[in-house]
Amino acid sequence: MVQFGAMQVVPIGSGASQTILRTQVPVLCGSMRDTSSPVQYKNGINPQFAGVYSGGDFKFGALNGSAQQVAVDGVGFWNYRPNALIVQAEATTHCYVLDAHGVRKASAGLFTDAFDGAPAVDASITTSVATLPSFSNPYYTYYIDVRIPAELANTAFRVRDGFDSTVFAFGGESARYCKVAIGATQCNINDMIRNNVDVLDTVPSAGGVAQRYIVQRLLTGSATLPTDLTVPVTMAALFVADDDNLANNVSAGYSQLSDLAPAIVAGNNLVPNLAEGTGATNLSFVLTDDTAESGPQQLNAAVTIDFNGTLVPATNVSCAQLETPQSGEAVRRTCRFDIPTFDADFATDANPAAAGTYAPGVHASVLITATDVRGQQSTKTLPFHVVSSENDPPSFTLSPLMEEYAPNGKTPTLLCRLSAQDLSAQCAGVIVDFVNQLRPGPARAFDENATQGAFLGTIDSSSRLSCAGTSIFSSNLSEGLQSPRYVFNGSRIDLDYRLSGALGTAECTVAAGDYNFPSTQAYNSRFVTFRITVIN
């Protein structure tokens, strides 16, 4: 039940009215549609909650030119009964009722949502106070983080915030905000909007919403922040349909800093372009936190290098260097680390002439996880480039039926034993999947394997391999099988030959070359000799 101090209905023309409610607890209202469009419900609701000091109230949502709270339209009518307040409202208009400390509470009879339940789909809003007014920085700064899951794709939502007008001023540079990614702590002052946050938007078709609003406010006149740390001085609310958990759709800021997760200060140019087969040393970034260190507990970070999906710990990681904290910080540290050499063939950028351009599906990045003394964590991913310095030879493997046949010097060998009446594939002469994993480069040459092609060479028009010692093969020229040949079955490369029954060894060569290599690099190839041996 919402307790009202006063209720006033004010005509605003064209048969519409504005209902001003002076409440004893905060009531935050919003609409998930463009309220400038005419609709069936054109009456407005304007709840007013007194400020912590006398002579003012709470200003929520967009303000007009006179710095007055704008009513939320969409209300059909009010019907006050002895024990309840019945409201007919447009479907996208909602109100949240808070307790005196800014925490949402049950609101029977007032725009009650029927979908409070288990948070299967959970959108949320969080206010974090980053800085308090000081001699060096007059602004009260806070972050409003909005998270909406991808399951609510294409759903309209509204973000609104407000402030206690007995504490904060409005107009000019007194109140301003900007929209950034979650994790960002700064924005361009010239891009900041001079008003309360009141944003109507739609959840993208993919990926959901992860958005931060950085809000700055100046104190009004000679006001100071209240000493009662349980009294809210700012409030924010998220209105979105089909959210299964409304308990975290409101958030408040107070007269003290929030215990924020540590911040990682590092730009995307943290790692310079590296050459293929090299690492980097003495790279650095900064950690900051609003919680002071105590005893052996320090602000620290772990650093991992992602080499296209293979995670390797950074080396020589140290966050021992203390710096002078800046406004709003209790501690600041510089961390240093090295990137080890991963693989001589690894590169992300296929063409050295176009350094800074990743090959398709190839990446490298530094993954930083910062942890403060209270165990709170934050992460940051910073990409970097490894530029190709040479064109590596193609790679492939041969059939697992190969043996390292000792009498022939442990050369890969397809061995047929006639005396054992061998019915193996080696004697039958059909080797399925003879050449496997044919690639333009070694396994970790991700750049080349993503952009180049490879082919089998030194074969004639019948796909016959180059061999010496062909007396072990059938001499039936009509079959054309007197020496081994490739049989291409889609992506499969088989080997086919016919034995004559004679004992002996044939020595053959598998050759592969690459194409589509950069013009600044040279063609490369690979040759592997194998044997087909027939014994008793």
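- By the 4.0 Å N-to-carboxylate-O rule, Arg212 lies close enough to Asp145 to be salt-bridged with it.
- A donor-acceptor pair under 3.5 Å links the side-chain atoms of Asp164 to the main chain of Val52, judged by distance alone.
- The backbone N or O of Ile264 lies less than 3.5 Å from a partner atom in the side chain of Lys380, making a donor-acceptor pair.
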Start with the C-alpha gap between Thr224 and Val167, add the side-chain angles, then the distance that decides, and say whether side-chain contact (heavy atoms from CB on, under 4.5 Å) holds.
-> CA-CA 7 Å; Thr224 59; Val167 175; over 6 Å; no
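- Judged purely by atom type and a 3.5 angstrom limit, Asp290 uses its side chain to pair as donor or acceptor with the backbone of Leu260.
- Side-chain contact check for Arg336 and Gln321: at least one donor-acceptor pair (N or O, by modelled atom type) lies under 3.5 Å.
- There is a side-chain donor-acceptor pair under 3.5 Å between Asp161 and Tyr142.
- Centroid-to-centroid, the aromatic rings of Phe168 and Phe170 stay 6.0 Å apart or farther.
- Here the straight-line distance linking atom CG of Asn282 with atom CG of Asp338 works out to 7.0 Å at 0.5 Å rounding.
- Side chains of Arg217 and Asn196: a donor on one and an acceptor on the other come within 3.5 Å.
- Panel note: side chain Thr220, backbone Thr166; no donor-acceptor pair is recorded below 3.5 Å.
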Given the rule in the side-chain contact (heavy atoms from CB on, under 4.5 Å) test, do Val312 and Thr310 qualify, once you have shown the distances and angles that lead to the verdict?
-> CA-CA 6 Å; Val312 177; Thr310 300; 4.2 Å; yes
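- Side chains of Ser128 and Ser258: no donor on one and acceptor on the other come within 3.5 Å.
- Remark: the backbone N or O of Ser365 is not paired with any side-chain donor or acceptor of Asp306 at under 3.5 angstrom.
- Panel note: side chain Gln297, backbone Ser294; no donor-acceptor pair is recorded below 3.5 Å.
- Atom OG of residue Ser395 and atom CG of residue Asp514 lie 10.5 Å apart, to the nearest 0.5 angstrom.
- Side chains of Asn524 and Asp392: no donor on one and acceptor on the other come within 3.5 Å.
- Thr291 and Asp259 form a side-chain donor-acceptor contact under 3.5 Å, judged by distance and modelled atom types alone.
- Remark: of the listed residues Asp447, Asp349, Thr348, Thr357, Asp349 is the sole one forming a side chain to side chain contact (heavy atoms under 4.5 Å, CB included) with Val387.
- Remark: Ile193 CD1 to Cys187 SG distance equals 10.0 Å, nearest 0.5 Å.
- Proximity of the aromatic rings of Phe307 and Phe346 is defined here by a centroid distance below 6.0 angstrom, and this criterion is met.
- Checked by atom type and distance alone, the side chain of Asp244 pairs as donor or acceptor with a backbone atom of Val121 at under 3.5 Å.
- Looking at Gln452 and Asn391, their side chains do bring a donor and an acceptor atom within 3.5 Å of each other.
- Inspection of the Ser388 and Gln521 side chains reveals an N or O donor paired with an N or O acceptor under 3.5 Å.
- Using modelled atom types, one side-chain atom of Arg333 and one backbone atom of Cys319 make a donor-acceptor pair closer than 3.5 Å.
- Side-chain contact of Thr369 with Gln377: a donor-acceptor pair under 3.5 Å is absent, judged by distance alone.
- Residues His385 and Tyr358 place their aromatic rings such that the two centres sit under 6.0 Å apart.
- In this structure, Arg158 fails the cation-pi test against Phe239, since its NZ or CZ atom is not both closer than 6.0 Å to the six-membered ring centre and inside 45 degrees of the ring normal.
- In this structure, the side chain of Asp243 does not engage the main chain of Leu246 through any donor-acceptor pair within 3.5 Å.
- Using modelled atom types, one finds a donor on one side chain and an acceptor on the other under 3.5 Å when comparing Asn46 with Gln69.
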Start with the C-alpha gap between Phe157 and Val209, add the side-chain angles, then the distance that decides, and say whether side-chain contact (heavy atoms from CB on, under 4.5 Å) holds.
-> CA-CA 10 Å; Phe157 70 93; Val209 173; 4.1 Å; yes
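- No side-chain donor from either of Asn64 and Gln68 sits under 3.5 Å from a side-chain acceptor of the other.
- Looking only at distances, no side-chain donor or acceptor of Asp198 sits under 3.5 Å from a matching main-chain atom of Gly61.
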